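What follows is a structure written as structure tokens; I'll ask about it next.
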Amino acid sequence: MKVILTYGTFDLFHVGHIRLLKRLSLLGDRLVVGISSDSFNEMKGKKSFFSYAERAEIVSSCKYVDEVFPENNWDQKIDDIKKYGVTCFSMGDDWIGKFDYLEEYCEVLYLERTEDISTTDIKKKLSLISQSELEKIESSLHDVIGIVKSLNIK
Ligand code: CTP
């Protein structure tokens, strides 16, 4: 039985996540996913939009995923590999080389990331949209103020 293990925050679940999980599931019989807990994200200086419970519910609902569990620190990977009987540990290639030390326990594989999409990017784009919306509201308010002023003069 080939068991694949991966980790991630999986916030604002997007097509890059889906494609990675799909390719991982095709590598073996079972895909197990460690999801960064909120306290682990805090340790990494990250704050996710969705809570751990929500991210875990979303990822576990994905048809490519068999099981999810929380990742609470950097040092649990060897224990997780043993606990889940993992034969292959795999991450996107933004992590290339970082987990080679796990080769002692199982195969280690880095898969190409999907280009031009990330949670960080989505967050940036959404904040730009709200900025431009704010500018529109501000300009409409100026128009309204102008009308009110002109009415008062009369
Ligand atoms: N991933 C991917 N392709 C993308 C984005 C992510 O293959 N376009 C992979 C990552 O390499 C990682 C997993 O999905 O193995 C979970 O990544 P995560 O860090 O949660 O997603 P990102 O979108 O990269 O989030 P962030 O911008 O916060 O780093």
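One-based numbering, in listed order, for ligands and for the atoms of each. Small disclaimer: the values here were computed from a predicted structure and weren't measured. Along the sequence shown, the residues carry numbers beginning at 1.
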Item checked: The one among Leu20, Leu12, Val15 that brings a heavy atom closest to atom 12 (C) of ligand 1 -> Leu20

Checklist line | Proximity to ligand 1 by part of Asp94, non-hydrogen separation under 4.0 Å | finding: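 For Asp94, only side-chain atoms sit under 4.0 Å from ligand 1.
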
Notebook entry, point to check: Should Lys46 be listed as contacting ligand 1, given a heavy-atom distance under 4.0 Å as the test?
Noted result: yes

Margin query: Suppose I only count heavy atoms of Gly92 and a 4.0 Å limit; which atoms of ligand 1 are within that range?
Written below: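 Atoms satisfying the 4.0 Å criterion: 11 (O), 15 (O).
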
Margin query: Taking 4.0 angstrom as the limit and counting only heavy atoms of Ser118, give me the atoms of ligand 1 inside it, by number and element.
Written below: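 Numbered from 1, ligand 1 contributes 23 (O), 27 (O).
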
Checklist line | Pairwise ring-ring contact (aromatic ring centres under 6.0 Å, His included) hits with a residue in residues 102-152, at least two apart | finding: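 Counting only pairs at least two positions apart or across chains, no ring-ring contact (aromatic ring centres under 6.0 Å, His included) contact touches residues 102-152.
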
Notebook entry, point to check: What do you reckon, is CD of Glu67 surrounded by more than 12 foreign heavy atoms closer than 6.0 Å?
Noted result: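 Counting other residues, nucleotides and ligands, CD of Glu67 exceeds 12 neighbours.
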
Margin query: Are any of the N/O atoms on Asp93, whether in the backbone or the side chain, positioned under 3.5 angstrom from an N/O atom of ligand 1?
Written below: no

Item checked: Ring geometry between Phe69 and Tyr84 (parallel below 30°, tilted from 30 to 60°, perpendicular above 60°) ->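 If you compare the ring of Tyr84 with that of Phe69, the planes turn out parallel.
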
Check: Between Glu115 and ligand 1, which part of the residue brings a heavy atom under 4.0 Å of the ligand: side chain, backbone, both or neither?
Finding: neither

Note to self: For Glu112, is there an ion pair with Arg23 - N to carboxylate O distance below 4.0 angstrom?
What the structure shows: no

Check: Does Gly8 reach ligand 1 with a nitrogen or oxygen that is under 3.5 Å from one of the ligand's nitrogen or oxygen atoms?
Finding: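 No; every N/O pair is 3.5 Å or more apart.
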
Note to self: So for ligand 1, is Trp95 a polar contact partner (N or O within less than 3.5 Å, distance only)?
What the structure shows: no

Notebook entry, point to check: Is there a donor-acceptor pair under 3.5 Å between the side chain of Glu54 and the backbone N or O of Phe49?
Noted result: no

Checklist line | Nitrogen or oxygen of Asp121 less than 3.5 angstrom from that of ligand 1 | finding: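 No - when backbone and side-chain N and O of Asp121 are compared with those of ligand 1, no distance drops under 3.5 Å.
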
Item checked: Test of proximity, Glu112 against ligand 1: N or O pairs below 3.5 Å -> no

Item checked: Flag side-chain contact, heavy atom, 4.5 Å: Arg113 against Leu20 -> no

Notebook entry, point to check: Parallel, tilted or perpendicular: which describes the rings of His14 and His17, with under 30° parallel and over 60° perpendicular?
Noted result: parallel

Notebook entry, point to check: Is the shortest N/O to N/O distance between His14 and ligand 1 below 3.5 Å?
Noted result: yes

Check: What about Met91: any of its N or O atoms under 3.5 Å from an N or O on ligand 1?
Finding: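 N/O-N/O distance under 3.5 Å: no.
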
Note to self: Check whether Phe89 forms a cation-pi arrangement with Lys77 (NZ or CZ under 6.0 Å from the six-membered ring centre, at most 45° off the ring normal).
What the structure shows: no

Item checked: Per-atom contacts, ligand 1 versus Ile117 - under 4.0 Å to a heavy atom -> 4 (C), 5 (C), 8 (N)

Margin query: Before you tell me yes or no, could you show the steps for Leu111 and Leu24 under side-chain contact (heavy atoms from CB on, under 4.5 Å), namely the whole-Å CA-CA distance, both residues' side-chain angles and the distance that decides it to 0.1 Å?
Written below: CA-CA 9 Å; Leu111 298 186; Leu24 291 174; 3.7 Å; yes

